[in-house]
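Computation of the quantities below employed the complete heavy-atom set of this structure, encompassing side-chain atoms and omitting hydrogens, waters and symmetry-equivalent molecules.
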Amino acid sequence: MPPKLKPRVNLVLFNENKFGGTITYTAHLYRALKLAGVDCMIYRPGKGLGPTKSFGYGALHRTASMGILKNMGGMTLIAACIGKKFSKQALELMANGACMTVHDPNDLKYYDDTSIMQSDRIIIIRKNNTSICPNATFIPHPFDCYFGPQTTHQTRRIHAVTLSRLGSIKRTKWILEANRELPPDRQIWLRGHDDRFFTYNAFVRTGKFPEFKQDSEKPESERCTFGNEFGEAQRIASRATYLVDLTEIEGDGGGTQYTFLEGLDAGCVLVLNKAWIRPDGIWSPGVNCLTVGSPHELAQCLTEDRTPRQLIDMVHEARAILPEHDPLVIGQRYLTFLQGKN
């Protein structure tokens with residue numbers, strides 16, 4: 001009897017960026033599907049079929065033309081579609097039987113045909129997004145821990161760190177303003193992709209933040225951006241007591257971002273934006289996270305002294321979220337969903 005063939009999933013990424021949440025998601029989903037016994041490859045749009053290359057995080061990818069993508073065997077999931085440039089191609093693949101992940105309401109603002117929001121071939125990664133995609137299926141994004149359950153919270157040399165890309169919806173400006181109020185030993189260490197267009201226009205061109213230097217002006221060892229290597233974000237975060245992520249997305253919130261999960265894996269106390277908290281969400285301020293609503297509140301939050309017991313308890317409560325993103329379980333759920341649509 002011939003060996004049973006593995007199910008095949010083609011992960012198509014319509015996103016030209018090299019950093020960010022959708023990149024991290026695609027890599028973790030690749031790893032999760034592999035754990036579920038799937039033959040998996042990441043594809044980005046291109047001409048013809050390109051050679052296999054490293055995607056980062058231990059994953060592999062190739063470029064492929066639309067003609068090739070539409071005629072591939074197996075099941076196809078559009079892992080992300082960012083920007084109007086790719087919206088037509090995403091609709092073509094969905095009409096051809098593909099499914100798609102919607103990460104937040106911004107993903108859908110580029111579609112002229114709004115009927116896509118009614119599709120039952122959509123996966124959402126946060127429950128509250130059923131308000132924009134009522135027929136979608138909620139499956140949490142997978143997260144493959146680097147440190148695992150043995151991580152403990154202990155005295156750390158760095159007070160606070162942010163891993164978020166430097167950008168408007170990440171409220172990087174709040175962080176720079178808060179750092180001006182904080183003593184040097186309590187300031188927030190900026191790590192995360194330097195969106196040069198944003199940082200130049202927000203911080204450099206205006207001359208309002210002379211203390212900020214773009215990555216291109218720094219020695220490599222001092223740059224904010226770090227590589228797409230599995231565990232690198234957690235290794236950075238594990239040096240800090242607090243992980244600051246001030247993400248604010250209109251119409252979204254309540255669930256997790258990858259930087260939240262990386263901070264939890266590293267044993268950090270999370271400091272989140274009040275705008276991210278939802279009554280039916282998973283976050284309880286003072287129990288499994290801390291929340292702030294302005295640069296001054298951020299500075300106050302990081303000035304306050306807390307006992308080791310308080311810090312340990314918050315980390316313990318927050319880390320209870322991690323099993324919900326178990327890659328083996330989530331990979332199987334994605335596979336089951338895709339098989340049900342094919």
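- By the neighbour-count criterion of 12 heavy atoms within 6.0 Å, atom CD of Glu220 is sparsely surrounded, having that number or fewer from other residues, nucleotides or ligands.
- The two residues Thr303 and Arg186 make their nearest non-hydrogen contact at O-NH1, 2.6 Å.
- Remark: Glu248 does not engage Lys274 in a salt bridge, criterion side-chain N to carboxylate O under 4.0 Å.
- Sorted by first then second residue, the ring-ring contact (aromatic ring centres under 6.0 Å, His included) pairs that include residues 34-68, not counting sequence neighbours, are Phe55-His61.
- Heavy-atom neighbours of Glu211 CD from other residues, nucleotides or ligands within 6.0 Å: above the threshold of 12.
- By the ring-ring contact (aromatic ring centres under 6.0 Å, His included) test, His103 pairs with Tyr25, sequence neighbours left out.
- Taking the ring-ring contact (aromatic ring centres under 6.0 Å, His included) definition, one finds that Phe203 meets it with Phe198, Phe209, Phe212, sequence neighbours left out.
- Contacts of Lys88 classified as salt bridge (charged side-chain N to carboxylate O under 4.0 Å, His left out), with partners at least two apart in sequence or in another chain: none.
- The backbone N or O of Gly97 sits less than 3.5 Å from a side-chain atom of Arg121, completing a donor-acceptor pair.
- Judged by distance alone, with hydrogens and angles left aside, the side-chain atoms of Trp276 form a donor-acceptor pair with the main-chain N or O of Gly255 at under 3.5 Å.
- When all heavy atoms are compared, the tightest approach of Gly251 to Asn129 is O-OD1, 4.0 Å.
- Atom CZ in Arg156 sits 6.0 Å away from atom OG in Ser238 (nearest 0.5 Å).
- To the nearest 0.5 Å, atom OG of residue Ser87 and atom CG of residue Asp107 are 11.5 Å apart.
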Side chain to side chain contact (heavy atoms under 4.5 Å, CB included) assessment of Val269 paired with Leu243: CA-CA 6 Å; Val269 174; Leu243 186 287; over 6 Å; no

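- Applying the salt bridge (charged side-chain N to carboxylate O under 4.0 Å, His left out) test to Asp215 and every residue at least two apart in sequence or in another chain returns nothing.
- Side-chain N or O atoms of Glu297 include one that pairs as donor or acceptor with a backbone N or O of Gly293 at under 3.5 Å.
- Phe143 is connected to Val38 through a chain of hydrophobic side-chain contacts under 4.5 Å among Ile, Leu, Val, Met, Phe, Trp and Tyr, so both are in one cluster.
- In this structure, Gln214 contributes its side chain and Thr199 its backbone to no donor-acceptor pair below 3.5 Å.
- Transitive grouping of hydrophobic side chains (ILVMFWY, heavy atoms separated by less than 4.5 Å) keeps Leu322 and Val287 in distinct clusters.
- Each of Asp265, Ile321, Leu270, Ile282 was compared with Phe260 under the side-chain contact (heavy atoms from CB on, under 4.5 Å) criterion, and only Leu270 meets it.
- Around the NZ atom of Lys218, the shell of radius 6.0 Å holds more than 12 heavy atoms that belong to other residues, nucleotides or ligands.
- Judged as a side chain to side chain donor-acceptor pair (under 3.5 Å), and not counting sequence neighbours, Arg44 has no contacts.
- Evaluation of the salt bridge (charged side-chain N to carboxylate O under 4.0 Å, His left out) rule for Arg306 yields Glu304 as partners, not counting sequence neighbours.
- Interatomic distance, OG of Ser65 versus NZ of Lys47, reported as 11.0 Å (0.5 Å rounding).
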- prompt: Could you go step by step and tell me if Thr63 and Leu49 meet the side chain to side chain contact (heavy atoms under 4.5 Å, CB included) rule?
  reply: CA-CA 6 Å; Thr63 56; Leu49 187 63; over 6 Å; no

In residues 67-79, what donor-acceptor pairs under 3.5 Å come from side-chain atoms, sequence neighbours left out?
from: Lys70; atom 1: NZ; to: Glu92; atom 2: OE1; distance (Å): 3.3
from: Asn71; atom 1: ND2; to: Gly67; atom 2: O; distance (Å): 2.8
from: Thr76; atom 1: OG1; to: Asn10; atom 2: ND2; distance (Å): 3.2

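- Each side-chain hydrogen bond (donor to acceptor under 3.5 Å, both in side chains) pair with one or both residues in residues 282-292, not counting sequence neighbours, would appear here, but there are none.
- Proximity of a side-chain donor or acceptor of Arg165 to a complementary backbone N or O of Asp195 within less than 3.5 Å is not detected.
- Ile188 is connected to Val271 through a chain of hydrophobic side-chain contacts under 4.5 Å among Ile, Leu, Val, Met, Phe, Trp and Tyr, so both are in one cluster.
- Between the CG atom of Leu264 and the CE atom of Met314 there is a distance of 12.0 Å, given to the nearest 0.5 Å.
- Legend: residues meeting salt bridge (charged side-chain N to carboxylate O under 4.0 Å, His left out) with Lys341, ordered by chain and number and at least two apart, are Asp120.
- Of the charged side-chain nitrogens involved, none lies within less than 4.0 Å of a carboxylate oxygen, so that Asp39 and Arg8 do not count as a salt-bridged pair.
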- request: Check the pair Lys85, Glu16 against salt bridge (charged side-chain N to carboxylate O under 4.0 Å, His left out), reporting the backbone distance first and the verdict last.
  value: CA-CA 10 Å; Lys85 176 179 179 179; Glu16 293 178 319; 2.5 Å; yes

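- Looking at Arg235 and Glu232, a side-chain N of the basic residue comes within less than 4.0 Å of a carboxylate O on the acidic one, giving a salt bridge.
- Residue Lys34 places its NZ atom among more than 12 non-hydrogen atoms of other residues, nucleotides or ligands, all under 6.0 Å distant.
- Residues forming a side chain to side chain donor-acceptor pair (under 3.5 Å) with Asp112 (at least two apart in sequence, or on another chain): Lys84.
- Taking the six-membered ring for Trp, His141 and His28 have ring centres at least 6.0 Å apart.
- For the atom pair CD (Glu177) and CZ (Arg171), the distance works out to 11.0 Å, reported to the nearest 0.5 Å.
- Between Arg278 and Asp252, no side-chain nitrogen of the basic residue sits less than 4.0 Å from a carboxylate oxygen of the acidic one, so the salt-bridge criterion is not met.
- Looking at Gln187 and His159, their side chains never bring a donor and an acceptor atom within 3.5 Å of each other.
- Of the possible donor and acceptor atoms, none in the side chain of Ser54 sits under 3.5 Å from a partner among the backbone N and O of Leu60.
- Residue Leu29 is not grouped with residue Leu328 when hydrophobic side chains (ILVMFWY) are merged at heavy-atom distances under 4.5 angstrom, including chains of intermediate members.
- Looking at Lys170 and Thr247, their side chains do bring a donor and an acceptor atom within 3.5 Å of each other.
- When each of Val244, Leu163, Thr162 is paired with Leu190, the side-chain contact (heavy atoms from CB on, under 4.5 Å) condition holds for Thr162 and for no other.
- Under a 4.5 Å side-chain heavy-atom cut-off, the cluster of Ile, Leu, Val, Met, Phe, Trp and Tyr residues that includes Phe19 has no other member.
- Here the shortest heavy-atom pairing between Ile116 and Ile122 reads O-CD1, 3.3 Å.
- The backbone N or O of Gln310 lies less than 3.5 Å from a partner atom in the side chain of Thr307, making a donor-acceptor pair.
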field: Worked check of side-chain hydrogen bond (donor to acceptor under 3.5 Å, both in side chains) between Asn15 and Thr22
entry: CA-CA 8 Å; Asn15 183 357; Thr22 58; 2.6 Å; yes

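- Applying side-chain contact (heavy atoms from CB on, under 4.5 Å) to Ile132 and the options Ile124, Asp104, Leu108 leaves one that passes, Leu108.
- A distance of 12.5 Å separates OG1 of Thr26 from OH of Tyr30, quoted to the nearest 0.5 Å.
- The hydrophobic clustering, which links ILVMFWY residues whose side-chain heavy atoms are closer than 4.5 Å, places Phe14 and Tyr111 together.
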